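This one's a predicted model, so the numbers in the text were calculated from it and none came from an experiment. Each ligand, and each atom within it, is numbered from 1 in the order the structure gives. The analysis underlying the following values was restricted to heavy atoms, covering all of them including side chains, and did not include hydrogens, waters or symmetry mates.
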Amino acid sequence: NYLKIWNLRVVLMSGGPGSGKGTQCEKIVAKYGYTHLSSGDLLRAEVASGSERGKQLQAIMQKGELVPLDTVLDMIKDTMIAKADVSKGYLIDGYPREVKQGEEFEKKIGAPALLLYVDAKAETMVQRLMKRGETSGRADDNEETIKKRLDLYYKATEPVIAYYEKRGIVRKINSELPVDEVFAIVVKAIDELK
Ligand SMILES: Nc1ccn([C@@H]2O[C@H](COP(=O)(O)OP(=O)(O)OP(=O)(O)O)[C@@H](O)[C@H]2O)c(=O)n1
Ligand SMILES: Nc1nc2c(ncn2[C@@H]2O[C@H](COP(=O)(O)OP(=O)(O)O)[C@@H](O)[C@H]2O)c(=O)[nH]1
Ligand SMILES: [Mg+2]
């Protein structure tokens, strides 16, 4: 199984907090059957388990900071291996968050085929997250943490997109549009892969 993950297609989903990554991922899974791995969801599951490690993670996420690289990458890798037999490919959401994470991913797992970059204005992202915070129950969907997540996104994550742009695998998609219009562009980008 460890060998198998090297042969499966990897698509990365990137974009700021609240840009619509999770929304598009859900639709991609329904259409293409990829295995969806949201690094944020994996971390929240660890927090929910109540483990000692979960408590440490909770504190970091509450501040809008990044969890140590090895922790997240190990979680992703373990999940990829566990699902390799039934997987048609992987859709990785919210990782890499910084260039170093991208480099480690390549060393330990492999090169992605495509990076979908859903792009919305900061103002739009804040609005969406504030709205989502009314019902999400997420400790980090509050004004103060949202601001920190956005700052960190511009500082650490946008350079990741530039890093993959040099390899020609980035497709930038305007996620100010209605969900279905965004998805139509996503579908085009995935269908162009071969
Ligand atoms: N590779 C990752 C992914 C997530 N996180 C932590 O988990 C939090 C939530 O991540 P995620 O769910 O991906 O959040 P956002 O992208 O901000 O927004 P959304 O949850 O809607 O995707 C981040 O702020 C960060 O503290 C992290 O440290 N490293
Ligand atoms: N108008 C509009 N709203 C969206 C779109 N995508 C997501 N949203 C809303 O924005 C919020 C954040 O979306 P989510 O998928 O959780 O974003 P993520 O933080 O990037 O994973 C959700 O409450 C969605 O309902 C879109 O394309 N258009
Ligand atoms: Mg999400």
Open item on the list: Can you tell me which portion of Val182 lies within the under-4.0 Å heavy-atom range of ligand 2? Options are side chain, backbone, both, or neither.
Closed with: side chain
Task: Region of Ser175 that comes within reach of ligand 2 [heavy atoms, distance under 4.0 Å] - done: backbone
Task: Rounded distance [0.5 Å steps], CZ in Arg9 versus CG in Leu91 - done: 11.5 Å
Task: Point-to-point distance, once rounded to the nearest 0.5 Å, from CG of Leu57 to CD of Glu52 - done: 10.5 Å
For [atom], what's the nearest protein heavy atom and its distance?
{"atom": "atom 23 (O) of ligand 2", "value": "Arg132 CB, 4.0 Å"}
{"atom": "atom 7 (O) of ligand 1", "value": "Met61 CE, 3.4 Å"}
{"atom": "atom 5 (N) of ligand 1", "value": "Leu43 CD1, 3.4 Å"}
{"atom": "atom 20 (O) of ligand 1", "value": "Arg138 NH1, 2.4 Å"}
{"atom": "atom 16 (O) of ligand 1", "value": "Lys21 NZ, 3.0 Å"}
{"atom": "atom 18 (O) of ligand 1", "value": "Arg149 NH2, 3.2 Å"}
{"atom": "atom 6 (N) of ligand 2", "value": "Gly20 CA, 3.6 Å"}
{"atom": "atom 21 (O) of ligand 1", "value": "Arg132 NH1, 2.4 Å"}
{"atom": "atom 28 (O) of ligand 1", "value": "Val67 N, 2.6 Å"}

Task: Polar side chain donor-acceptor pair, Ser51 to Glu46, under 3.5 angstrom - done: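 Yes, because at least one side-chain N or O of Ser51 sits under 3.5 Å from a partner of the opposite role on Glu46.
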[X] N/O under 3.5 Å from ligand 2 N/O:
{"X": "Lys21", "value": "yes"}
{"X": "Arg128", "value": "yes"}
{"X": "Leu129", "value": "no"}

Using distance alone, decide if ligand 1 has a nitrogen or oxygen within less than 3.5 Å of any nitrogen or oxygen in [X].
{"X": "Glu65", "answer": "yes"}
{"X": "Gly94", "answer": "yes"}
{"X": "Asp140", "answer": "no"}
{"X": "Arg97", "answer": "yes"}
{"X": "Arg44", "answer": "yes"}

Salt bridge or not between [X] and [Y]? Use side-chain N to carboxylate O under 4.0 Å.
{"X": "Arg149", "Y": "Asp141", "value": "yes"}
{"X": "Glu65", "Y": "Lys148", "value": "no"}
{"X": "Lys21", "Y": "Asp93", "value": "no"}
{"X": "Lys155", "Y": "Asp151", "value": "no"}
{"X": "Glu103", "Y": "Lys108", "value": "no"}

Looking at [X], which atoms of ligand 1 are within less than 4.0 Å of one of its heavy atoms?
{"X": "Ser39", "result": "1 (N), 2 (C), 3 (C)"}
{"X": "Tyr95", "result": "1 (N)"}
{"X": "Val72", "result": "1 (N), 29 (N)"}

Compute the minimum heavy-atom distance from [X] to ligand 2 and say whether it is under 4.0 Å.
{"X": "Leu177", "answer": "yes"}
{"X": "Gly18", "answer": "yes"}
{"X": "Gly16", "answer": "yes"}

Open item on the list: With a 3.5 Å distance limit and no angle check, can you tell me whether Tyr153 reaches the backbone of Glu158 through a side-chain donor-acceptor pair?
Closed with: no
Task: Name of the residue among Ile161, Leu116, Asp119, Ile92 meeting side chain to side chain contact (heavy atoms under 4.5 Å, CB included) with Ser14 - done: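 Checked Ile161, Leu116, Asp119, Ile92 against Ser14; only one passes side chain to side chain contact (heavy atoms under 4.5 Å, CB included): Ile161.
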Open item on the list: Determine whether any protein heavy atom is located less than 4.0 Å from atom 13 (O) of ligand 2.
Closed with: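 Neighbour list for atom 13 (O) of ligand 2 includes protein heavy atoms (cut-off 4.0 Å).
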TODO: Identify whether Ile173 and Val179 are in the same connected component of the hydrophobic contact network (ILVMFWY, side-chain heavy atoms under 4.5 Å).
DONE: no
